[in-house]
Amino acid sequence: MEIGWNIPSTASASSMRFELSMTWHGVSTAYDDVVALEWEPFSALNATPAARVTGTFTFPEGIGESNSWAWLHTGAASETTRGADGSLRFTVTDLPGGEYINVVVMTERRSDSAVARTQAGAMKRRILNQEQWEAQIADDDRRRRARG
């Protein structure tokens, strides 16, 4: 699901604030070992800049920081924290038009996981490796820009 902007023309405004709240059901995929979800609220095709984007991703009861993983992908300045309940909180600042925000979350699969969409096979190691690889690329890119 991508947040779409359908804002009517505004003659004058120093800033505009929008607050959205969503509860999702049936959007993750259960694999043999984990349940995973990838969400891109802002795609690279988004032309609307944002001074600040914040979000809180709350997991089902019984899922905490010890049995879940979460990653935020964006080229803009950002920070993430994990709440006492395991929730992921993120803040992205000075998001230019054409920049994306992507969130990847993964939890251990429990026997009581009521996930409608399933796919056979183990995915945990694959996702962890992919995230480590993407983090290395981002770190290398930041180092190159800092040296330049």
Side-chain angles (χ1 to χ4, degrees), residues 1-7 14-110 112-119 121-148:
M1 175 177 186
E2 180 177 338
I3 298 171
W5 299 103
N6 190 11
I7 304 165
S14 61
S15 69
M16 297 173 85
R17 179 183 171 126
F18 301 91
E19 191 167 322
L20 303 165
S21 177
M22 296 177 258
T23 301
W24 295 340
H25 296 278
V27 295
S28 56
T29 302
Y31 299 93
D32 292 345
D33 53 351
V34 293
V35 176
L37 167 68
E38 184 172 356
W39 176 47
E40 186 172 87
F42 291 84
S43 81
L45 300 175
N46 173 49
T48 305
R52 187 173 116 146
V53 177
T54 61
T56 302
F57 197 98
T58 306
F59 295 98
E61 192 168 324
I63 299 293
E65 193 170 357
S66 65
N67 59 354
S68 68
W69 300 262
W71 299 272
L72 175 69
H73 301 269
T74 184
S78 64
E79 67 177 45
T80 61
T81 59
R82 296 293 295 264
D85 63 351
S87 60
L88 169 70
R89 295 184 185 112
F90 65 87
T91 301
V92 178
T93 53
D94 299 322
L95 182 74
E99 184 59 59
Y100 67 94
I101 297 175
N102 179 280
V103 179
V104 176
V105 294
M106 177 174 71
T107 68
E108 288 182 350
R109 185 169 182 184
R110 303 178 310 185
D112 65 342
S113 296
V115 180
R117 185 175 31 210
T118 61
Q119 186 171 330
M123 190 58 93
K124 180 179 179 180
R125 181 56 32 212
R126 184 186 289 170
I127 292 172
L128 290 171
N129 289 344
Q130 176 71 25
E131 291 301 325
Q132 183 179 19
W133 178 74
E134 288 185 26
Q136 184 63 51
I137 289 172
D139 288 346
D140 291 347
D141 186 50
R142 277 191 289 278
R143 252 191 304 284
R144 271 193 294 280
R145 283 186 278 143
R147 288 179 187 148

Q: Sorted by first residue and then second, give each side-chain hydrogen bond (donor to acceptor under 3.5 Å, both in side chains) pair with at least one member in residues 82-92; sequence neighbours left out.
A: S68-R82, D85-S87
Q) Any donor and acceptor pair, going by atom type alone, linking the side chain of E99 with main-chain N or O of G75 inside 3.5 Å? A) yes
Q: Please report the closest heavy-atom contact between V92 and L95, naming both atoms and the distance.
A: CG1-CD1, 4.1 Å
Q | Partner residues of F59 under the ring pair (Phe, Tyr, Trp, His ring centres under 6.0 Å) criterion, sequence neighbours left out | A | F57
Q) Which pairs pass salt bridge (charged side-chain N to carboxylate O under 4.0 Å, His left out) with one or both residues in residues 127-141, sequence neighbours excluded? A) D139-R142, D140-R143, D141-R145
Q: Output all residues satisfying side chain to side chain contact (heavy atoms under 4.5 Å, CB included) with P49, sequence neighbours left out; order by chain, then residue number.
A: none
Q) Which atom pair, heavy atoms only, marks the closest approach of V115 to S28? A) CG1-O, 3.5 Å
Q | Contacts of type side chain to side chain donor-acceptor pair (under 3.5 Å), residue R125, not counting sequence neighbours | A | N129
Q | Those residues that, when tested against N102, pass side chain to side chain contact (heavy atoms under 4.5 Å, CB included) (two or more places apart) | A | E38, E40, H73, Y100, V104
Q. Roughly how far, to the nearest 0.5 Å, is the CH2 atom of W69 from the CG atom of L88?
A. 14.5 Å
Q | Listed partners of D33 passing side chain to side chain contact (heavy atoms under 4.5 Å, CB included), at least two apart | A | Y31, A122, M123, K124
Q) To the nearest 0.5 Å, how far apart are CD in E79 and OG1 in T54? A) 11.0 Å
Q | L72 side, atom CG; T80 side, atom OG1 - distance, nearest 0.5 Å | A | 6.5 Å
**Q.** Nearest atoms (heavy-atom pairs only) where V27 meets L37
**A.** O-CD1, 3.3 Å
Q | side chain to side chain donor-acceptor pair (under 3.5 Å) involving S78 - partner list, sequence neighbours excluded | A | none
Q. What residues form a side chain to side chain donor-acceptor pair (under 3.5 Å) with R126, not counting sequence neighbours?
A. none
